[in-house]
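Below, read A as the first sequence line, B as the second, and so on, with proteins coming before strands; counting in each chain starts at 1.
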2 protein chains.
Amino acid sequence: MPAMEVQAARQPVRRTGGRSARVRAAVIDATLAALLTRGLDDLSITEIAQQAGVHPTTIYRRWGGRSNLALDAVLSGTEAEIPPPDTGSLRGDLLAVIRGIFPFLRTPLGELLVRLALRRDLPEYEAARGGYWAQRFRAGAALFERARARGELRADVDPVLALETLVGPMYVRMLMTGEPLDDALLVRCVDLVLDGIAAQPR
Amino acid sequence: MPAMEVQAARQPVRRTGGRSARVRAAVIDATLAALLTRGLDDLSITEIAQQAGVHPTTIYRRWGGRSNLALDAVLSGTEAEIPPPDTGSLRGDLLAVIRGIFPFLRTPLGELLVRLALRRDLPEYEAARGGYWAQRFRAGAALFERARARGELRADVDPVLALETLVGPMYVRMLMTGEPLDDALLVRCVDLVLDGIAAQPR
DNA sequence: GCCTTATCGCTACTTGCCTTGCGTTAGTGG
DNA sequence: CCACTAACGCAAGGCAAGTAGCGATAAGGC
């Protein structure tokens with residue numbers, strides 16, 4: 001009887017090139033197309049499969065469900081990484097920030113990303129949620145530091161809350177009320193956050 | 001051959017009392033319970049039916065689908081109608097408004113209502129969307145009128161945008177970032193909307 | 001109380017989602 | 001070029017959603 005080798009938990013050698021890569025690209029493309037036309041909820045894996053020229057079983061095995069597939073597709077199609085602005089003034093920076101977000105949100109892909117972010121039935125996304133948004137809001141930190149150094153900012157301002165207040169109306173209109181939304185409104189958002197609504201400082 | 005009577009488009013006499021009422025109540029209750037435990041997406045009509053002591057076919061016939069059922073259940077369980085505040089100061093009124101919304105949103109039913117409002121696959125809700133939010137924001141109009149009369153409000157302030165800016169961070173945290181959210185933050189929201197973040201008026 | 005028929009329960013059926021098991025193809029390392 | 005096996009295609013089948021037809025029950029009007 002040969003000496004029993006201690007089996008290291010050897011994970012199988014992944015084959016990421018060639019056929020697998022082609023399959024993945026085709027499926028991701030078909031999924032994005034299906035997401036943009038039919039929406040998040042009623043997308044047929046069978047349909048995606050034959051659109052991609054792939055057997056449905058393959059999708060189930062690799063992605064294991066529609067939510068994981070949708071998440072992978074959208075994140076693959078998105079590499080936002082909006083560069084942090086530095087226009088020289090607080091107002092200019094804030095305008096640049098919100099103007100960098102807004103056009104992307106009007107994109108079908110952008111709206112898809114937001115709606116995906118709102119879901120709570122995607123355990124895969126729950127893990128990434130914190131990091132994702134933290135990164136998106138981090139760009140704002142430097143912006144406020146510079147403004148503070150220039151004396152444009154009050155001392156007690158919380159950058160995160162300020163950014164949330166800036167973009168809040170945009171999301172409220174887009175997601176809930178459906179009120180009109182254009183560049184002029186963005187300017188008004190910036191000015192409201194800067195100056196407030198009170199007649200005189202209290 | 002008897003004279004052909006012109007058939008008036010006679011709609012059948014609805015039977016809303018007795019058994020039908022009991023069935024409806026039982027199904028709505030079971031649906032709400034299922035919604036609160038399992039969420040919006042994967043609720044089983046069969047399960048709801050046997051929970052309510054009713055045959056699944058009945059649900060399909062009366063409601064005709066899961067989206068309509070969910071919408072009916074949530075709207076039946078909700079009669080918000082938050083009374084418009086009048087505390088004598090703009091700051092007090094804004095605080096009262098946001099403090100009236102916030103606790104309800106933390107309720108499971110409240111969060112459910114919001115998430116339902118975010119859906120775009122409920123044609124029944126699409127029709128009611130505009131009116132619903134318009135009504136919710138209308139209460140704010142009077143509030144701002146009084147503030148303006150007291151001289152607390154700048155002249156160029158748009159009430160709707162101001163309210164959206166006020167509640168924006170609350171929804172952003174609740175729906176997207178998941179950052180902590182408590183009463184102290186509400187106060188900071190109010191003060192930020194009132195005073196803005198700029199060091200001095202431009 | 002009686003009649004009409006809206007509404008419900010039940011069974012059987014169709015359909016699409018998803019899984020399982022097995023044979024085949026083609027990456028990957030040598 | 002060869003051996004190993006990850007990844008894919010395919011067929012069969014379980015399972016729950018949803019539909020259709022029909023008889024049974026009870027609500028509403030008289």
Side-chain angles (χ1 to χ4, degrees), chain A residues 5 7-31 34-35 37-73 76 119 121-124, chain B residues 5 7-31 34-35 37-73 121-124:
Chain A
E5 297 282 345
Q7 279 289 347
R10 195 176 67 86
Q11 51 223 5
V13 178
R14 295 266 158 254
R15 297 179 178 174
T16 57
R19 180 173 60 167
S20 292
R22 283 194 303 274
V23 165
R24 182 185 143 79
V27 170
I28 293 293
D29 283 354
T31 303
L35 279 173
T37 58
R38 311 186 41 159
L40 263 168
D41 298 299
D42 53 342
L43 50 81
S44 156
I45 297 222
T46 307
E47 192 179 290
I48 291 176
Q50 67 185 24
Q51 169 88 23
V54 163
H55 209 271
T57 330
T58 300
I59 297 185
Y60 286 113
R61 265 193 286 252
R62 280 186 55 136
W63 283 274
R66 92 173 76 243
S67 59
N68 207 352
L69 173 61
L71 187 67
D72 191 13
S76 296
R119 290 304 202 81
D121 56 339
L122 308 173
E124 302 84 6
Chain B
E5 297 282 344
Q7 280 288 347
R10 197 176 67 85
Q11 53 221 5
V13 179
R14 296 262 159 258
R15 298 179 178 174
T16 57
R19 180 173 59 166
S20 293
R22 283 194 302 275
V23 165
R24 183 185 142 79
V27 171
I28 294 292
D29 283 355
T31 303
L35 280 173
T37 58
R38 311 189 40 160
L40 264 169
D41 299 298
D42 54 341
L43 50 81
S44 157
I45 297 224
T46 307
E47 192 179 290
I48 291 177
Q50 66 185 23
Q51 169 89 21
V54 163
H55 209 272
T57 356
T58 300
I59 297 185
Y60 286 113
R61 265 195 289 251
R62 282 187 53 136
W63 283 275
R66 93 173 75 246
S67 60
N68 208 351
L69 173 61
L71 186 68
D72 190 12
D121 56 340
L122 307 173
E124 301 85 4

Ignoring backbone atoms, test whether [X] places a side-chain nitrogen or oxygen under 4.0 Å from the OP1 or OP2 oxygen of [N].
X	N	result
Arg66(B)	dA17(D)	no
Thr58(A)	dG9(D)	yes
Arg61(A)	dG21(C)	no
Tyr60(A)	dT19(C)	no
Ser44(A)	dC17(C)	yes

Rounded distance in Å - [atom1] ([X]) to [atom2] ([N]):
X	N	atom1	atom2	result
Arg38(A)	dG16(C)	CZ	P	11 Å
Ile59(B)	dA16(D)	CD1	P	17 Å
Ile45(B)	dG9(C)	CD1	P	14 Å
His55(A)	dC17(C)	NE2	P	14 Å
Ile48(B)	dA17(D)	CD1	C1'	13 Å
Gln50(A)	dG9(D)	CD	C1'	15 Å
Glu47(A)	dT15(C)	CD	P	17 Å
Trp63(A)	dC17(C)	CH2	C1'	18 Å

Return whichever of Leu43(B) or Arg15(B) has its heavy-atom-nearest nucleotide of DNA chain D closer to the 5' end.
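The residue closer to the strand's 5' end, by nearest nucleotide, is Leu43(B).
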On DNA chain D, nearest-nucleotide positions of Gly18(B) versus Ala21(A): which is more 5'?
Ala21(A)
Would you mind classifying the nucleic acid contact of [X] as base, sugar-phosphate or nothing, using non-hydrogen atoms under 4.0 angstrom?
X	result
Arg24(B)	nothing
Thr57(A)	base
Thr46(B)	sugar-phosphate

Among dA27(D), dG9(C), dG9(D), which is the nearest nucleotide to the side chain of Arg19(B)?
dA27(D)
Would Ser20(A) and Arg14(A) count as a side chain to side chain contact (heavy atoms under 4.5 Å, CB included) if you check the C-alpha gap in whole Å, the side-chain angles of each, and the deciding distance to 0.1 Å?
CA-CA 10 Å; Ser20(A) 292; Arg14(A) 295 266 158 254; over 6 Å; no
Minimal non-hydrogen separation, Ala49(B) against His55(B), with atom names:
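Heavy atoms of Ala49(B) and His55(B) come nearest at CB-C, 4.0 Å.
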Would you say that [X] contacts [Y] through its side chain, given a criterion of any heavy-atom pair below 4.5 Å between the two side chains?
X	Y	answer
Thr16(B)	Arg24(B)	no
Trp63(A)	Thr31(A)	no
Arg119(A)	Leu40(A)	yes

